Q: 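The structure under discussion is supplied below as structure tokens; questions concerning it will follow.
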Amino acid sequence: MSNCAIVGINWGDEGKGRMVDLVTADYDVVVRYQGGGNAGHTVVNEFGKFALHLLPSGIFRKGVVNILGNGVALDCESLWTEMSDVMDQGVAITPENLKISDRASLLLPWHRDLDSLEEARLADKKYGSTKQGIAPFYSDKYQKKTIMAGELLYPEKLWDHLAGILEWKNLTLERVYGAKPYTMDDLKAWVAEFGEKIKPFICDTGAFLRQAQAEGKHILFEDYGIYPMTSSSNAIAAYAPVGSGYPEVKIEKVVGVVKAYSSCVGEGPFTCEWFGEEAEKLREAGGEYGAKTGRPRRVGPIDIVATRYGIQCQGATDIALTKLDVLSYMDEIPICARYELNGQETDAFPFPAVLPDAKPVVEYLPGWQCDISGVRKWEDLPEAARNYVEYVEREIGCHITYVSVGPERDSIIIR
Ligand code: GDP
């Protein structure tokens, strides 16, 4: 078994959580290497239905060690809330099965405030942020104005470091946004409430990964973010070694998760977008409402141009095509095969500034119009469904290894 990364190829919500939950059976260690509480991954298994935000999806598997690497936006508040929910449903979380990198930076209370304040300032030009503080967090990290989780273990040094950052951050809060400043007492109360809870899980996860590999253990790198379409975090597979604190590791297999149609939360160009009744039907069929926010997602047909670009960015070696069952109601299956830009058809993903000018060129394949959610073998899929999968495979130029036909762990066809 080789080291493997699982990454999203489109605009998020492709079903990554479900794929990770499936493949963790073959791995000993699951690592999250970037992003934070902005993600929302639905996992359905024997413990129930969960929307995971920060916890690696291997948390449900006995014997699997889960790691939050140095590249994540470590939101102790959101993490502790999530850990409590998951533990309440009978899942054990201990320092044996969850390890938090001492080098991960803490997402602090003002990051969330700044996210909301900036979205409000932008008004109709807002990014459509999930307001979990991810963009302000990563920009502070670039500015070396964050606290590492390991500092929680050295309180005297922590207060001193935090006081300096607090002074600097209050300038922005008060003078740029006219918002309420924070005090050291606020921060001490926050650390006492949430930082203390995660302390037992903090360790040198890079050293743990090296040791695990030396012992022949298999490592799965899990991406919860969205690249290249948005997000301030670095969700590409190539970042996994760095964001995991194990830069020299080799990742041989990259599974890109692609949805059989497109969906997108938030603002920004979404070339293949459908509106009106046909969008409503697809949204209903796919249950396309945000796991974190409940917002209706924008939907449309699969976008070959954006998917091919996503696969290149991620260096995917295998594809998991999810939610094929959702298309079963359609007479014809729509595919955004190319874009039209300035009167010319193109296969290339445009430069972001001109992306809003691109129009979708849509082709149709025959539908299958029957329930495929019980199918487990490739040859048992209706011919029209196989044709659709093969068409997509040819156009995106990457082998579709998994076809998912339902949210449950076993609703999968492996080719
Ligand atoms: P993630 O963020 O990429 O993990 O995706 P989300 O959890 O936001 O969205 C995926 C949704 O689709 C979840 O509700 C899953 O249970 C569901 N899902 C995943 N794969 C399939 C599938 O093949 N068919 C159906 N019908 N639902 C699926």
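Values in this document were obtained by computation on a predicted structure and should not be read as measured data. All ligand and atom numbering here is 1-based and tracks the order in the structure.
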Q: Is ligand 1 less than 4.0 angstrom away from at least one heavy atom of Gly8?
A: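 Per 4.0 Å heavy-atom rule, Gly8 does not contact ligand 1.
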
Q: May I ask you to check whether Leu324 has an N/O atom sitting below 3.5 Å from an N/O atom of ligand 1?
A: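 Leu324 vs ligand 1: no N/O contact under 3.5 Å.
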
Q: Out of Glu222, Lys259, Lys16, who gets a non-hydrogen atom closest to atom 3 (O) of ligand 1?
A: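 The option holding the nearest heavy atom is Lys16.
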
Q: For residues 63-111, which residue pairs qualify under ring-ring contact (aromatic ring centres under 6.0 Å, His included), counting only residues two or more places apart or in two chains?
A: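 Pairs touching residues 63-111 that pass the test: Trp110-Tyr182, His111-Phe137.
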
Q: Are Asp318 and Tyr402 close enough that a side-chain donor and a side-chain acceptor fall under 3.5 Å?
A: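 Looking only at side-chain atoms, Tyr402 and Asp318 do not form any donor-acceptor pair under 3.5 Å.
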
Q: Taking distance alone, no hydrogens or angles, what donor-acceptor pairs closer than 3.5 Å link side-chain atoms of residues 347-361 to residues at least two apart or in another chain?
A:
none

Q: Quick one: are Pro241 and Ile251 in side-chain contact, heavy atoms under 4.5 Å?
A: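 Yes, close enough: below the 4.5 Å cut-off.
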
Q: Applying a 4.0 Å heavy-atom criterion (strictly less than), which segment of Asp325 is in contact with ligand 1: side chain, backbone, both, or neither?
A: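 Contact part for Asp325 vs ligand 1: side chain (C-beta onward).
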
Q: I'd like to check which ligand 1 atoms, numbered from 1 as shown, lie under 4.0 Å from a non-hydrogen atom of Gly17.
A: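 Going through ligand 1 atom by atom, the ones under 4.0 Å from Gly17 are 4 (O).
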
Q: Based purely on interatomic distance, does Gly406 place a nitrogen or oxygen under 3.5 Å from a nitrogen or oxygen of ligand 1?
A: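 Checking ligand 1 against Gly406, an N or O pair does fall under 3.5 Å apart.
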
Q: Answer whether the closest heavy-atom distance between the side chains of Ile147 and His161 falls below 4.5 Å.
A: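 They are in side-chain contact.
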
Q: Numbering the atoms of ligand 1 from 1, which are under 4.0 Å from a heavy atom of Ser404?
A: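 Numbered from 1, ligand 1 contributes 20 (N), 21 (C), 22 (C), 23 (O).
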
Q: Say whether Arg297 and ligand 1 are in contact under the criterion: heavy-atom distance to a ligand atom below 4.0 Å.
A: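 Arg297 counts as a contact of ligand 1 under the 4.0 Å cut-off.
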
Q: Where the closest heavy atom to atom 27 (N) of ligand 1 is concerned, which of Lys49, Glu408, Lys323 has it?
A: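 It is Lys323 that holds the nearest heavy atom.
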
Q: When you check the side-chain N and O atoms of Ser328 and Trp368, is any donor under 3.5 Å from an acceptor?
A: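 Side chains of Ser328 and Trp368: pair found under 3.5 Å.
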
